[in-house]
Amino acid sequence: MDSSVRSRRRSTLLGLALVLIVAAASAVVAVGQSTAIGRPGSGAAACPALPDSLPAAGALPTVPELPDPFKFWDGSRLTTSADWGCRRDQLRELLQYYQYGHLPPSPTTVTGTRNGNTLTVSVTANGRTSSFTATLRLPSGTGPFPAIIMLNPLAASATSRGYAEVHITPNSIAADSTSKTGAFWSLYPGADTGVLMAWAWGVHRTLDALRSVPQIDTTKVGVSGYSRYGKAAVVAGAFDDRIALTVPGSSGTAGMGNYRYFFTSNSNDEKLEDILGAAYWFTPRFATFRNQATRLPIDQNSLASLVAPRLLLTTSGTEGADIRTNPQGTGLTHRAARMVYEYLGVPERIGIAYRPGGHQIDMADYNAIMDFADKYLKGLPVNRTFDNVPYPTTPAAIPWTIPSGGGPTSTTSTTTSTTTSAATSTTTTTTSTPPVGACSATYRTVNSWQGGYQGEVSVTAGTSAITGWTVRWTLASGQSLTQVWSGVSIGTGSSAAVRNAAWNGSLAPSGSATFGFIGSGSPTTPIFTCTSP
């Protein structure tokens with residue numbers, strides 16, 4: 001393995017966050033994606049490690065069934081849901097190394113500049129700057145509104161349902177070809193990254209820039225896409241924990257359709273060998289699995305599992321004669337990923353919606369997406385279910401079972417924050433309160449720099465389960481919160497308060513969740529209090 005790939009594998013991607021002066025027409029926003037690609041073991045000694053050099057395709061064992069998400073690389077299985085963070089890190093690295101290519105480290109800055117309905121996203125990394133644009137469509141009212149970043153349009157406008165639309169043009173981020181042109185390649189010309197991951201990177205940077213749009217609630221932003229853009233939508237949601245809702249539509253092979261199981265007559269489905277007609281969508285290593293897909297140590301259930309415990313809705317037609325649909329294989333992927341959601345205690349947060357037809361997106365898809373978002377992002381009553389797979393189970397595809405010891409837990413990966421030359425130091429300070437009441441809060445300063453710092457708070461339930469939490473503390477003079485993720489800021493002035501996000505409020509006894517924030521000023525160690533309704 002060359003040294004540059006080894007270096008990327010050993011880095012982690014969470015955390016670069018800079019708070020700079022906001023200009024009148026544009027804003028330099030905090031940068032970050034709540035993901036980590038580092039192997040377990042880089043900062044988490046208890047986690048089973050991947051080998052220093054991953055085997056080539058021909059040296060991997062044949063696995064005819066969908067890969068077991070609960071089994072570590074060394075063959076051991078998870079024993080508690082707290083182990084999921086370690087396994088999640090393994091899956092992230094395996095998916096990047098063998099299939100999609102690596103997501104680059106967080107850029108130095110992302111600037112969002114709004115001019116009417118156009119948002120220009122400017123990204124600086126590696127001493128270079130490139131940009132692309134997004135188009136905003138806002139509902140009537142003042143907001144802040146939940147939003148959907150769209151790689152291509154839905155069948156109708158989401159604004160009529162009270163959601164902001166953020167339309168991006170994937171080809172301006174990375175050309176859908178071998179040409180390596182677009183904003184991504186201007187910054188990372190030598191990356192081992194495929195175009196699907198490059199498009200996902202564009203979604204992440206758009207989410208960064210949306211911090212400059214006060215009408216959008218950045219704690220309730222989803223991503224949707226159809227066909228090849230549905231493939232990219234799953235990748236975007238899997239590799240950024242800030243994305244609250246992931247919606248792949250008719251995504252097929254390399255999306256929610258897996259590489260191992262096909263059901264239509266005469267094998268009329270898109271297999272790995274077929275998808276390699278667009279080999280530039282992937283890292284070059286993926287092509288080495290031609291005619292040996294069962295040697296992949298991952299499959300699309302592995303990718304979908306990375307979205308857990310956040311919201312995931314798959315839409316698909318039932319017409320399998322279309323080579324790009326594979327509705328039964330998509331249903332298998334959903335069922336396998338749902339087992340991870342069950343293990344984490346949140347099976348309701350993953351859904352699937354079938355409708356008649358093939359490779360298309362129509363009003364049935366639109367209504368399913370908006371109903372799912374209404375139910376889980378807005379908390380509205382919705383009179384439908386989202387788990388009807390109209391195909392029989394296939395035990396040979398999923399012979400493994402859900403381990404015991406599951407339940408709600410924090411799934412935040414091991415992370416390392418980095419700073420630019422403006423940073424002064426990296427500090428870690430922890431203050432803890434034993435979980436004796438409804439909930440308690442433990443704080444640490446992850447990083448600090450001149451004029452700002454990054455904090456992290458772990459919320460732990462007491463002896464009883466809770467269905468929501470709020471953490472409060474007092475900000476010192478000169479401090480303010482400029483960004484919050486995995487929670488919703490509800491405080492004012494010097495009274496900081498963060499409540500749970502839509503997906504991490506329900507905790508089992510002794511269960512935990514984590515949120516992070518960027519603060520201006522210098523870090524302090526105030527008293528954090530946690531209450532539950």
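Everything numeric here is computed off the predicted structure, so don't read it as measured data.
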**OP:** Just do the side chain to side chain contact (heavy atoms under 4.5 Å, CB included) check on Phe517 and Tyr453 with the steps written out, would you?
**Re:** CA-CA 9 Å; Phe517 64 88; Tyr453 65 101; 3.6 Å; yes

Original post:
Should Tyr226 and Ser224 be marked as a side chain to side chain donor-acceptor pair (under 3.5 Å) after you check the CA-CA gap, both sets of side-chain angles, and the distance that decides it?
Top reply: CA-CA 7 Å; Tyr226 151 74; Ser224 72; over 6 Å; no

**OP:** Would you sort out whether Thr218 and Arg211 count as a side chain to side chain donor-acceptor pair (under 3.5 Å), showing the intermediate values?
**Re:** CA-CA 7 Å; Thr218 54; Arg211 297 293 304 175; 2.7 Å; yes

Subject >> Derivation and outcome, side chain to side chain contact (heavy atoms under 4.5 Å, CB included), residues Leu196 and Phe282 >> reply: CA-CA 7 Å; Leu196 293 176; Phe282 310 97; 4.0 Å; yes

**OP:** Please assess Thr460 against Ser440 for the test side chain to side chain donor-acceptor pair (under 3.5 Å), listing each intermediate value before the final yes or no.
**Re:** CA-CA 5 Å; Thr460 304; Ser440 65; 4.6 Å; no

**OP:** Show your working on side chain to side chain contact (heavy atoms under 4.5 Å, CB included) between Leu303 and Asn301 and close with a plain yes or no.
**Re:** CA-CA 5 Å; Leu303 180 71; Asn301 65 303; over 6 Å; no

Subject >> Pair Asp192-Tyr100, side chain to side chain donor-acceptor pair (under 3.5 Å): steps then yes or no >> reply: CA-CA 9 Å; Asp192 72 339; Tyr100 292 108; over 6 Å; no

Subject >> Stepwise side chain to side chain contact (heavy atoms under 4.5 Å, CB included) check, Val340 with Glu342 >> reply: CA-CA 5 Å; Val340 172; Glu342 290 179 28; over 6 Å; no

Subject >> Verdict with reasoning, Asp371 to Arg161, per salt bridge (charged side-chain N to carboxylate O under 4.0 Å, His left out) >> reply: CA-CA 9 Å; Asp371 288 349; Arg161 298 281 292 261; 2.7 Å; yes

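Checked by atom type and distance alone, the side chain of Arg338 never pairs as donor or acceptor with a backbone atom of Asp387 at under 3.5 Å. At least one donor-acceptor pair closer than 3.5 Å links the side chain of Asn126 to the backbone N or O of Leu187. Side chain of Ser520 to backbone of Ser480: a donor-acceptor contact under 3.5 angstrom is found. The main-chain N or O of Ile518 is found under 3.5 Å from a side-chain atom of Thr482 such that the two form a donor-acceptor pair. Judged purely by atom type and a 3.5 angstrom limit, Thr135 has no side-chain atom pairing as donor or acceptor with the backbone of Thr118. With hydrogens and angles disregarded, a donor-acceptor distance shorter than 3.5 Å links the side chain of Asp362 to the backbone of Asp365. Between the side chain of Asn171 and the main chain of Asp176, a donor-acceptor pair closer than 3.5 Å is present. Judged by distance alone, with hydrogens and angles left aside, the side-chain atoms of Tyr354 form a donor-acceptor pair with the main-chain N or O of Gly331 at under 3.5 Å. The backbone N or O of Ser495 sits nowhere less than 3.5 Å from a side-chain atom of Arg472 that would complete a donor-acceptor pair. Side-chain atoms of Asn326 come within 3.5 Å of backbone N or O of Gly329 as a donor-acceptor pair.
The two residues Arg114 and Val213 come nearest to each other via the heavy atoms NH1-CG1, 4.0 Å. Annotation for Cys530 and Val459: closest pair SG-CG1, 3.7 Å, computed over non-hydrogen atoms. Across all their heavy atoms, Gln215 and Thr142 have their closest contact at CG-O, 4.0 Å. When all heavy atoms of Lys231 and Ala254 are compared, the closest pair comes out as CB-O, 3.7 Å. Residues Ala155 and Tyr366 share a closest heavy-atom pair of CB-CB, 4.4 Å. Across all non-hydrogen atoms, the minimal contact from Met256 to Ala304 is SD-CB, 3.9 Å.
Expressed to the nearest 0.5 Å, how far CE of Met150 lies from OG1 of Thr206 amounts to 13.0 Å. Residue Gln300 holds its CD atom at 13.0 Å from CG of Leu332, rounded to the nearest 0.5 Å. A distance of 12.5 Å separates CD1 of Ile149 from CD of Glu165, quoted to the nearest 0.5 Å. Distance CD1/Ile216 to CG/Leu136: 5.5 Å, rounded to 0.5 Å. Rounded to the nearest 0.5 angstrom, Gln360 CD and Arg355 CZ are separated by 4.5 Å. Note that OG of Ser130 and CZ of Arg205 are 11.0 Å apart. Values are rounded to the nearest 0.5 Å.
The pair Arg88-Asp241 counts as a salt bridge, with a side-chain nitrogen and a carboxylate oxygen less than 4.0 angstrom apart. A salt bridge links Asp208 with Arg242; the closest basic N to acidic carboxylate O contact falls under 4.0 Å. Under 4.0 Å is where a charged nitrogen must lie from a carboxylate oxygen, and between Asp217 and Lys378 no such pair does.
Side-chain contact check for Ser302 versus Gln99: every heavy-atom pair is 4.5 Å or farther apart. You'll find the side chain of Phe286 stays beyond 4.5 Å of the side chain of Tyr97, heavy atoms only. For the pair Ile243 and Leu207, the minimum side-chain heavy-atom distance is below 4.5 Å. Taking the side chain as every heavy atom from C-beta outward, Asp374 and Tyr163 approach each other to under 4.5 Å. Val457 is listed as a side-chain neighbour of Phe528, based on a closest heavy-atom distance under 4.5 Å. Between Leu91 and Ile298 there is a side-chain heavy-atom pair separated by less than 4.5 Å. Leu507 is not listed as a side-chain neighbour of Thr467, based on a closest heavy-atom distance of 4.5 Å or more. Contact check for Leu154 versus Ile369: side-chain heavy atoms found under the 4.5 Å cut-off.
Ring-plane geometry between Trp199 and Tyr229 is classed as tilted, the angle between the planes lying from 30 to 60 degrees on a 0 to 90 degree scale. Between Phe132 and Trp201, the angle of the ring planes lies from 30° to 60°, which puts this pair in the tilted group.
Between the side chains of Ser186 and Tyr188, no donor N or O sits under 3.5 Å from an acceptor N or O.
A side-chain contact (heavy atoms from CB on, under 4.5 Å) with Pro248 is found for exactly one of Thr315, Leu312, Thr330, namely Leu312.
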